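See below for the structure under consideration.
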Amino acid sequence: MLPQILKLTKELISIRSTKENPALLKEVLERALAEVGEFTVERFERNGCPSALVYYGSRRPKRFKIILNGHLDVVPGRDEQYQPFEKDGRLYGRGASDMKASTAALLYVFKNMAAKVDYPLALQLVTDEEIGGYDGTRYQAEQGILADFVIAGEGTELNIKNETKGVIWLKIKTKGRTAHGAYLWKGENALWKLMRILERLEAEFPEIHKEAWATTVNLAKVSSTNETFNKVPDQAEAWLDARYIARDKESIVPALKKIAGKEAELDFLENEPEHYTAPDNPFIRKLADAVNGHFGNEKVKLLKGHGASDIRHYSAIGVAGVEFGPVGAGLHTDNEWVDTKFLSDYYEILASFLKSL
Ligand SMILES: [Zn+2]
């Protein structure tokens, strides 16, 4: 299967499918779909962002058993990166590991298995993962495209990523009363008010200096509209970037509100859900068995990730899923590659996983 996967991957890499090129997002999607063959293809589009859902049979089932999710957009790269080449068992190019090779592998696994398995299997191709996935995966989820289990082919070195952190961006704003800097008692200092809140914040979410699987809060900015020395500031604000683990999902917002107290105003700019699927989920167990069975060892690991993927859009509505992808490196860098031998393993593992269900 590998020669076909590599051929298609190279063709996909040569299309500059970045968000700056909406026409090429359509082109890369159509190029992939041309390879799928005789299946039902539903096309979607929101905000100029195309995506597709492919399945066997004429009618879309209420719920698929498995959705294989791949994104065909990439972050911008150097010109040369759109000319893929192979060297020493690696395929180089923009999107090689993130994630055109695995999307090609998912496509062929789907193509070869969808008519053979006795359950509904779907291939979901999207073109906006790198800018949040709102008009691709999330839009399709909003259209009622559901599954028991979703696999996104993000690179995981053939391990299984079942958890990533949620993200909250928040401004804490305080107000006071201006006065001349020599007559403090006539004013109320908004910056000191803010500082007292930040002290409580630091006590609750201390800075960490070693990687840890914990909820963290980064103090990104502190500012005031005051521009001079001899004035009591009547406005101040702090910008926070909170990254929370699944266990703290319910408690993080109340905790931040409590720390801010009644005197501050909170402005939540982002609240991106975490992704969490329990390690004992039966599909995770079967996928782990497929990996271990393929290599004849027990080496597959469950991973936690600090960064997010499209899986969070399904996790947010209670659909289980994982990131599972081949071995590669250099995503979003000038030197991106995917290992071709492991890409072949990736295809075979997915095929035996789908057979085992
Ligand atoms: Zn990706």
Side-chain angles (χ1 to χ4, degrees), residues 1-6 9 64-70 89-91 96-114 116-124 147-164 211 213 245-246 274-307 309-312 314-315 319-329 331 337-357:
M1 209 57 237
L2 187 61
Q4 281 118 300
I5 296 173
L6 288 176
T9 305
F64 292 96
K65 187 165 206 160
I66 303 288
I67 290 176
L68 304 173
N69 172 295
R90 293 174 174 179
L91 172 64
S97 74
D98 186 18
M99 54 170 276
K100 285 175 167 173
S102 45
T103 300
L106 293 174
L107 187 150
Y108 283 111
V109 170
F110 170 84
K111 184 177 177 173
N112 294 333
M113 299 294 294
K116 289 180 197 151
V117 294
D118 62 358
Y119 54 81
L121 172 67
L123 174 70
Q124 186 170 53
D148 294 337
F149 193 65
V150 182
I151 296 176
E154 303 287 358
T156 58
E157 316 234 305
L158 298 171
N159 292 304
I160 299 168
K161 193 179 282 180
N162 68 316
E163 183 169 1
T164 58
E211 185 175 358
W213 193 249
I245 58 176
E274 81 294 349
H275 154 220
Y276 179 74
T277 297
D280 59 0
N281 174 286
F283 293 100
I284 290 188
R285 299 308 342 146
K286 292 214 162 168
L287 184 56
D289 288 346
V291 180
N292 288 335
H294 180 82
F295 291 112
N297 60 32
E298 297 284 319
K299 282 195 182 148
V300 72
K301 287 188 288 226
L302 288 188
L303 305 179
K304 301 174 195 303
H306 295 280
S309 80
D310 267 0
I311 284 291
R312 75 190 190 287
Y314 274 113
S315 188
V319 171
V322 294
E323 291 173 45
F324 174 64
V327 177
L331 50 162
W337 55 269
V338 68
D339 181 293
T340 55
K341 157 78 177 72
F342 285 120
L343 186 58
S344 180
D345 294 321
Y346 180 62
Y347 173 89
E348 285 165 28
I349 290 165
L350 281 169
S352 71
F353 164 72
L354 293 175
K355 264 183 230 156
S356 77
L357 301 180

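Every heavy atom of this structure was used, including side-chain atoms; hydrogens, water molecules and symmetry mates were not. Throughout, numbering of the chain's residues begins at 1 and tracks the sequence. Everything numeric here is computed off the predicted structure, so don't read it as measured data.
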Q. Taking atom CD of Glu157 and atom NZ of Lys299, what is their separation to the nearest 0.5 Å?
A. 13.0 Å
**Q.** Flag side-chain contact, heavy atom, 4.5 Å: Lys355 against Lys116
**A.** no
Q.
What I want to check is whether the side chains of Glu323 and His275 have a donor and an acceptor closer together than 3.5 Å.
A. no
Q.
Please check this pair: side chain of Asn162 against backbone of Tyr276, looking for a donor-acceptor N/O pair closer than 3.5 Å.
A. no
Q.
I'd like to know if the side chain of Thr156 and the backbone of Lys161 have a donor-acceptor N/O pair within less than 3.5 Å.
A. no
(Q) Could you check whether any side-chain N or O of Asn159 sits under 3.5 Å from a backbone N or O of Lys301, counting only pairs where one atom can act as donor and the other as acceptor? (A) yes
Q) Do Ile66 and Asp148 have side-chain heavy atoms sitting under 4.5 Å apart? A) no
(Q) Does any part of the side chain of Val109, heavy atoms only, come nearer than 4.5 Å to the side chain of Leu354, both counted from C-beta? (A) yes
Q: Taking the side chain as every heavy atom from C-beta outward, state whether Ile311 and Val322 have any atom pair closer than 4.5 Å.
A: no
Q) Should Thr164 and Glu274 be marked as a side-chain contact (heavy atoms from CB on, under 4.5 Å) after you check the CA-CA gap, both sets of side-chain angles, and the distance that decides it? A) CA-CA 6 Å; Thr164 58; Glu274 81 294 349; 5.7 Å; no
Q | For the student: nearest non-hydrogen atoms of Gly328 and Ser97, plus distance | A | CA-CB, 4.1 Å
**Q.** Minimum heavy-atom distance between Gln124 and Ile67, given as atom pair plus value
**A.** OE1-CG2, 3.5 Å
Q: Test ring-ring contact (aromatic ring centres under 6.0 Å, His included) on Phe149 and Phe64 and set out the steps.
A: CA-CA 8 Å; Phe149 193 65; Phe64 292 96; over 10 Å; no
Q) Roughly how far apart are Leu158 CG and Asn292 CG, rounded to 0.5 Å? A) 11.0 Å
Q. Do Trp213 and His306 have side-chain heavy atoms sitting under 4.5 Å apart?
A. yes
Q) How about Gln4 and Tyr347: does a side-chain donor come under 3.5 Å of a side-chain acceptor? A) no
Q) Are any side-chain N or O atoms of Lys65 and backbone N or O atoms of Ala147, one a donor and one an acceptor, separated by less than 3.5 Å? A) no
Q: Apply side-chain contact (heavy atoms from CB on, under 4.5 Å) to Phe342 and Arg90, showing your working.
A: CA-CA 10 Å; Phe342 285 120; Arg90 293 174 174 179; over 6 Å; no
Q: Starting from the C-alpha separation in whole Å, work towards a yes-or-no answer on side-chain contact (heavy atoms from CB on, under 4.5 Å) for Val150 and Val319.
A: CA-CA 8 Å; Val150 182; Val319 171; 3.7 Å; yes
Q) Is there side-chain contact between Asp339 and Tyr346, with heavy atoms separated by less than 4.5 Å? A) no
Q.
Rounded at 0.5 Å granularity, tell me how far OG in Ser356 sits from CD1 in Ile349.
A. 12.0 Å
(Q) So does Gly321 get a backbone contact from the side chain of Thr277, meaning a donor-acceptor N/O pair under 3.5 Å? (A) yes
Q. Can you name the nearest heavy-atom pair linking Gly153 to Ser102, along with the distance?
A. O-OG, 2.7 Å
Q.
So that I can tick it off, tell me whether Arg285 and Asp289 are bridged by a salt bridge, with the cut-off set at under 4.0 angstrom between side-chain N and carboxylate O.
A. no
Q) Hey, mind stepping through Ile5 and Leu343 against side-chain contact (heavy atoms from CB on, under 4.5 Å) and telling me if it holds? A) CA-CA 9 Å; Ile5 296 173; Leu343 186 58; 3.7 Å; yes
Q: Check Ala101 against Val338 and note the closest heavy-atom contact, atom names and distance.
A: CB-CG1, 3.8 Å
Q: Identify the heavy atoms of Phe110 and Leu121 that sit nearest to each other, and give their distance.
A: CE1-O, 3.4 Å
Q. Atom CG of Leu350 and atom CG of Leu287: how far apart are they, to the nearest 0.5 Å?
A. 7.0 Å
Q: Calculate, to the nearest 0.5 Å, the distance between atoms CG and CZ belonging to Leu68 and Phe353 respectively.
A: 8.5 Å
**Q.** Exam field: side chain Lys286 to backbone Pro282, donor-acceptor pair closer than 3.5 Å
**A.** no
Q.
Are the side chains of Glu154 and Phe324 in contact, using a 4.5 Å heavy-atom criterion?
A. no
Q: Kindly compute the distance separating CD1 (Ile151) from CG (Leu106), expressed to the nearest 0.5 Å.
A: 8.0 Å
